[in-house]
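The structure is given below, and queries will be raised subsequently.
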Amino acid sequence: SIPFSLLNLRIQVGINSNRAISLFVCFRWEEERYTDGVKWKFLEHKGPVFAPPYIPLPDKVKFYYDGKHMKLSPQAEEVATFFGKMLDHEYTTKDIFRKNFFKDWRKEMKPEEKSTIVDLNKCDFEEMNQHFKDQSEARKQMSKEEKLKLKEENEKLLQEYGFCIMDNHKERIANFRIEPPGLFRGRGNHPKMGMLKRRIRPEDIIINCSKDSKVPVPPHGHKWKTIRHDNKVTWLVSWTENIQGSIKYIMLNPSSRIKGEKDWQKYETARRLKKCVDKIRAQYREDWKSKEMKVRQRAVALYFIDKLALRAGNEKEEGETADTVGCCSLRVEHIKLHTELDGQEYMVEFDFLGKDSIRYYNKVPVEKRVFKNLQLFMENKQPEDDLFDRLNTSILNKHLQELMDGLTAKVFRTYNASITLQQQLKELTNPDENVAAKILSYNRANRAVAILCNHQRAPPKTFEKSMQNLQTKIDAKKDQIGMARRELKGAKADHKVKKDEKTRKSVESKKKALQRVEEQLMKLEVQATDREENKQIALGTSKLNYLDPRISIAWCKKWDIQTEKIYNKTQREKFAWAIDMADEDYEF
DNA sequence: CCAGTTACTTAGTAGATACACC
DNA sequence: GGTGTATCTACTAAGTAACTGG
């Protein structure tokens, strides 16, 4: 096995033969795997970085209750600042947020404060809010030297705490800072929004590292909760968060061996699905006719997961989280059946909130048999009843496991996303077009996947304006082209008369100038199309989590496009394994 | 089969930074 | 050189899925 650092060195010194590199890299990525779930043999790190302690407000920043100034105790004041900071945010207008915040805030108050402050509506956080605005303004106005100093301090912290040693490799840690205290910002209609996320102390922290490593030292006067040496897990640090009682972890960066290998494995599983997906599809179609209700439900759910790339849909504890669903947890109220709609037969209209409370809305034609089954599943049910009442993710995944080793519901999403990218790239790439146009095609292929997976984003606040600006530029460019054309024409006429070297050269240069502006216009127009089509669609999520990077690398190699054009630095680091592995004939 | 626990991936967004343009 | 905008990064919430023990 070859240490990662050595591999880096070889690449940095610039060995250009692809073959040499991939031979080399095979060793790294196909380095011996541990058995029995062992993830590492040696792990050493410096532990987490804690949130900076609370700095009390200067005396001039006042809090008013019912119009009267009130000096808050430090604990109460800290929690108050969390709210004060957020005054401009929509959250602070929401009843649940306000209610949860107030309840938790009161818990931090001294008895006198508690007896005085009984109504949030009488609290005036305005000066706090202004104070923090001033602070952030001051930060922006800092001198170059001050900014540089801050940057250097940050870098020092990163160098000290941001890396660990795992089995001979120095690896980057993803999140070495402990989450600071604040108000919980759940997504969508979350019943716990506004609750106080408490400050994490060393006494809450579990450290995981190897026995023979230098164990991280807790801050002076403190102790860790526990120190573990569990090499069957990948995390370095964990603690239990107080809102949902779930565990939070510090883990490695996506560029690390441990994450890279797992990612690679994920796509290999999806490729194995590719080999047997036809059989599985035939099977679930057969199961639509099953005598057993459970089997039919399983088969229809799987059909949705496969066709629409829906998530599995685990059960959730009611009242603990926002009301969102996936495939197995769909309720009757989330679909409408139309025997005929938009001129098509057997249409299903989906409308539900999925992960992160992102709305999934889609009208899809389905097979008659699926339609009839859905009617059957919905019979005698209330809107709030489960559509698939005999099914859950555990049943579904057990079934899938029997169809293929390692198969679970989410593999379908990975498989369908990657295969779609590959198909779309084949279809959309025009060999005759230039690089900019090819990249537009790439983005369009990427977009097709994002649409399939329903990856949305809030349209940028400045979208309309930036679109307008781009249009202005396009118009200006068109004027320029007109001008360049006229100049070329003039030069040509001149040359016709004079027929000398000077005028010939002038024609040449005018030609080039015209070509240049025409290309610039092309680029701008492509950019405009791309941006318009991308308004509400987030490409990043699929690019990072669903698309086998080897497909993209192969595409780049095939069309002689630099990897940098489609992957930025972080993405190239994450996909280092693929960049090293894939050649232009790679097929998913 | 069920509920509870744990570990890990996937997700959108806020704020920082880089970049283009005047 | 300053400003507005696009892009990147960090952050952390919200999923999936395995496992455990009754």
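Each chain gets a letter, A, B and so on, in the order its sequence line appears, and its residues count up from 1. No hydrogens, no waters, no symmetry mates; every other heavy atom, side chains included, goes into these values.
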Around atom NZ of A:Lys147, are there more than 12 heavy atoms of other residues, nucleotides or ligands at under 6.0 Å?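 Correct, the count exceeds 12.
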Looking for any heavy atom pair under 4.0 Å, which part of the strands does A:Gly313 touch: base, sugar-phosphate only, or nothing?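 Touches sugar-phosphate only.
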Write down the distance between CD1 (A:Ile250) and P (C:dA13), rounded to a whole number of angstrom.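 About 14 Å, once rounded to whole Å.
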Between A:Lys569 and A:Leu183, which has a closest nucleotide on DNA chain C that is more 5'?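 On the 5' side of the pair lies A:Lys569.
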Between B:dC1, B:dT6, C:dA17, spot the one nearest the side chain of A:Asn397, thanks.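 Of B:dC1, B:dT6, C:dA17, C:dA17 is nearest to the side chain of A:Asn397.
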Students often get this wrong, so: under 4.0 angstrom with heavy atoms, is A:Pro180 touching a base, only sugar-phosphate, or nothing?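 Here A:Pro180 touches the backbone only, sparing every base.
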Between A:Gly188 and A:Gln571, which has a closest nucleotide on DNA chain C that is more 5'?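 With A:Gly188 and A:Gln571 compared, the 5'-side residue is A:Gln571.
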Under 4.0 angstrom, heavy atoms only, what part of the nucleic acid is A:Tyr249 near: base, sugar-phosphate, or nothing?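 Counting heavy atoms under 4.0 Å across all strands, the contact made by A:Tyr249 includes a base.
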A:Asp204: which of A:Lys225, A:Arg199, A:Arg198, A:Lys248 passes side-chain contact (heavy atoms from CB on, under 4.5 Å):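 Among A:Lys225, A:Arg199, A:Arg198, A:Lys248, the one meeting side-chain contact (heavy atoms from CB on, under 4.5 Å) with A:Asp204 is A:Arg198.
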Could you tell me the separation between the CD atom of A:Gln456 and the C1' atom of B:dA11, rounded to a whole number of Å?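 A:Gln456 atom CD is separated from B:dA11 atom C1' by 12 Å.
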Return yes if the base of B:dT9 and the side-chain atoms of A:Lys410 contain a donor-acceptor N/O pair under 3.5 Å, otherwise no.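 Checked by distance alone, the answer is no.
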Identify whether any heavy atom of A:Thr324 sits under 4.0 Å from a base atom; if not, whether one sits that close to sugar-phosphate; answer base, sugar-phosphate or nothing.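 Counting heavy atoms under 4.0 Å across all strands, the contact made by A:Thr324 is with sugar-phosphate only.
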With side chain to side chain donor-acceptor pair (under 3.5 Å) as the test, pick out the partner of A:Glu268 among A:Arg271, A:Gln265, A:Lys266, A:Arg272.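 In the set A:Arg271, A:Gln265, A:Lys266, A:Arg272, the residue that makes a side chain to side chain donor-acceptor pair (under 3.5 Å) with A:Glu268 is A:Arg271.
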Taking for each residue the nucleotide of DNA chain B bearing the nearest heavy atom, is the 5' side occupied by A:Asn454 or by A:Lys232?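 Residue closer to the 5' terminus by nearest nucleotide: A:Lys232.
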Over all strands shown, is A:Ala174 touching base, sugar-phosphate only, or nothing at heavy-atom distances under 4.0 angstrom?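 The residue A:Ala174 makes no contact with any strand.
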Ion pair present between A:Lys274 and A:Asp548, side-chain N to carboxylate O less than 4.0 angstrom?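 No salt bridge links A:Lys274 with A:Asp548.
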At under 4.0 Å between heavy atoms, what does A:Lys398 touch on the DNA or RNA strands: base, sugar-phosphate, or nothing?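 Nothing: the residue A:Lys398, judged by heavy atoms under 4.0 Å, touches no strand.
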With a 4.0 Å cut-off on heavy atoms, is A:Arg311 in touch with a base, just the backbone sugar-phosphate, or nothing at all?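 Sugar-phosphate contact only - A:Arg311 comes under 4.0 Å of backbone atoms but never of a base.
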Which of the following nucleotides, C:dA13, C:dG15, B:dA16, is nearest to the side chain of A:Arg139?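 Looking only at heavy atoms from C-beta outward on A:Arg139, the closest nucleotide is B:dA16.
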Side chains of A:His399 and A:Arg298: donor-acceptor distance under 3.5 Å anywhere?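 Yes, side-chain donor-acceptor contact under 3.5 Å.
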Atom pair distance, as rounded to whole Å: NZ in A:Lys543 and P in B:dT10: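 Result: 17 Å.
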Which part of the nucleic acid, if any, lies within contact of A:Thr234, taking any heavy atom under 4.0 Å across all strands shown: a base, the sugar-phosphate backbone alone, or nothing?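 The residue A:Thr234 makes sugar-phosphate contact but no base contact.
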Look at all strands and tell whether A:Gly354 reaches a base, only sugar-phosphate, or nothing, counting heavy atoms closer than 4.0 Å.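 Touches sugar-phosphate only.
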Quick check for you: among C:dA18, C:dT12, C:dA14, whose closest atom lies nearest to any side-chain atom of A:Gln401?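 That would be C:dA18.
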Applying a 4.0 Å non-hydrogen cut-off, can you work out what A:Arg172 is touching in the nucleic acid: base, sugar-phosphate, or nothing?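 If one applies the 4.0 Å heavy-atom cut-off, A:Arg172 turns out to touch the sugar-phosphate alone, with no base involved.
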